[in-house]
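For reference, the structure is listed below as structure tokens.
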Amino acid sequence: MIITHTEIYRFSIPMEPFVIATGTMHFAQNVLVRIFTDAGIHGSGECSAFPMIVGETQETCLAMAKDFAQILKGKDPLDILARMDDLLGYAAHNPTVKSAFDMALFDIASKNAGQPLYQFLGGQKRTIETDMTLGIGTPEAMAAKAKEHVANGCNIIKIKLGKKVHEDIDRVAAIRKAVGNQITLRLDANQGWSFDDALFALTELEKFDIEFCEQPMRTWFDDKLPELNTNSPIKLMADESCYNHHDARKLINSKSTTFLNIKFAKSGGILEAQKIHEIALQSGVKCMIGSMLESRLALTANLHFALASPNVVYFDLDTCLLGHLVDPVAGGLTYEGFMLDVPDTPGIGAEADEFFLEKCESWKV
């Protein structure tokens, strides 16, 4: 089997504005790739550019995707390690767009094997419940939104913070009061606090029974994470500090965090995500599978990976629920309330909607 060509799409998804500590997103800056082979099998992969976090934009992803497609043409798609090494040999970094190619190659391989991706990766079905994320707003607005989610069956609320620390404390207080004591609350400061603010906020927020706090400080303060982790009454989860398995190793060895957040947009796809998971598993450090602003296509691949990764015990797979105004995907994962399931068809089991693709700018390489 060889790769004959790749289709690349500007996969922009309109959405309600979503606010985090580092900026506001007005549409999902996504890119779709479809890799075709001479065996009549094609694979789909999607990435979601989040420039204020990863440093890649939709434009940089599209530019790199055209180069990557040319590099892979005529090569064996089933040798995924070699193909991703080809891309690494051409360009360091750019994990977001690389993750789309990694995903498409795994789609081809699992389709060729006649297995759903989770089985191809050695996994099996289990119960998966996602949290629901609240973007930054006024305490009153966030509390009202949290109450609405709980009324719809949500049991786990993830609260975006990282602005003014006293206002952040007010946000959490209002949300806890609105939803009661039975709902799990998680925090995500998205690098928004200084060390002093982080320690102050985490100490003040302990009384609200917080499960953990993601990425309290900028990554350039990673040298202070061990001190914060030791003194924080709330457990920490590294997100932007953990891109690859080398980051995971350093964070674990330095006792900088309790948990790790794995995202394909940071790891470059499934291959590197597996390495992060393995290091965490060997160290007894539990993981979360997270996402940027992907559609259900990439989220389905995320869920397949999680089903094959027993050390992934936290799930943040709500991105297509965060104000996407259209659903450009056929098939794929399903939501029953906040419980998730994947199809048992070969591959990822999700495809881009052809009518949506007709409206997207595209290239064939």
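For reference, positions follow the sequence shown, starting with 1.
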ask   = Does any pair with a residue in residues 66-78 pass salt bridge (Lys or Arg N to Asp or Glu O under 4.0 Å), and if so which ones, sequence neighbours excluded?
value = Lys75-Asp86

inquiry  = Take a 6.0 Å sphere around NZ of Lys177 and say whether it holds more than 12 heavy atoms from other residues, nucleotides or ligands.
reply    = no

note = Contacts satisfying salt bridge (Lys or Arg N to Asp or Glu O under 4.0 Å) that involve residues 116-139 (not counting sequence neighbours) are Lys125-Asp341, Lys125-Asp344, Asp131-Arg186

task = Can you run down the ring-ring contact (aromatic ring centres under 6.0 Å, His included) pairs that involve residues 78-117, sequence neighbours left out, and say none if there aren't any?
result = Phe68-Phe101

ask   = What pairs meet the ring-ring contact (aromatic ring centres under 6.0 Å, His included) rule with one or both residues in residues 248-279, with sequence neighbours excluded?
value = Phe212-Phe259, Phe259-Tyr314, Phe264-Phe305

inquiry  = Taking Thr219's backbone N and O only, do any of them form a donor-acceptor pair with Gln191's side chain (distance below 3.5 Å, no angle check)?
reply    = yes

message = Closer than 3.5 angstrom, by distance alone: can the side chain of Lys111 be matched with the main-chain N or O of His42 as a donor-acceptor pair?
response = yes

ask   = Is there any ring-ring contact (aromatic ring centres under 6.0 Å, His included) pair reaching into residues 153-186, and which pairs are they, with sequence neighbours excluded?
value = His166-Phe200

ask   = For residues Gln29 and Thr57, is any side-chain donor paired with an opposing acceptor at under 3.5 Å?
value = no

query = Can you tell if the side chain of Lys158 reaches within under 4.5 Å of the side chain of Glu214, non-hydrogen atoms only?
reply = yes

Please list, one pair per line, the donor and acceptor atoms closer than 3.5 Å that link side chains of residues 355-365 to other protein atoms, with sequence neighbours excluded.
{"residue": "Glu361", "atom": "OE1", "partner": "Arg10", "partner atom": "NE", "Å": "2.9"}
{"residue": "Glu361", "atom": "OE1", "partner": "Arg10", "partner atom": "NH2", "Å": "3.2"}

Check: Arg34 side chain, Tyr9 main-chain N or O, donor-acceptor pair, under 3.5 Å = no

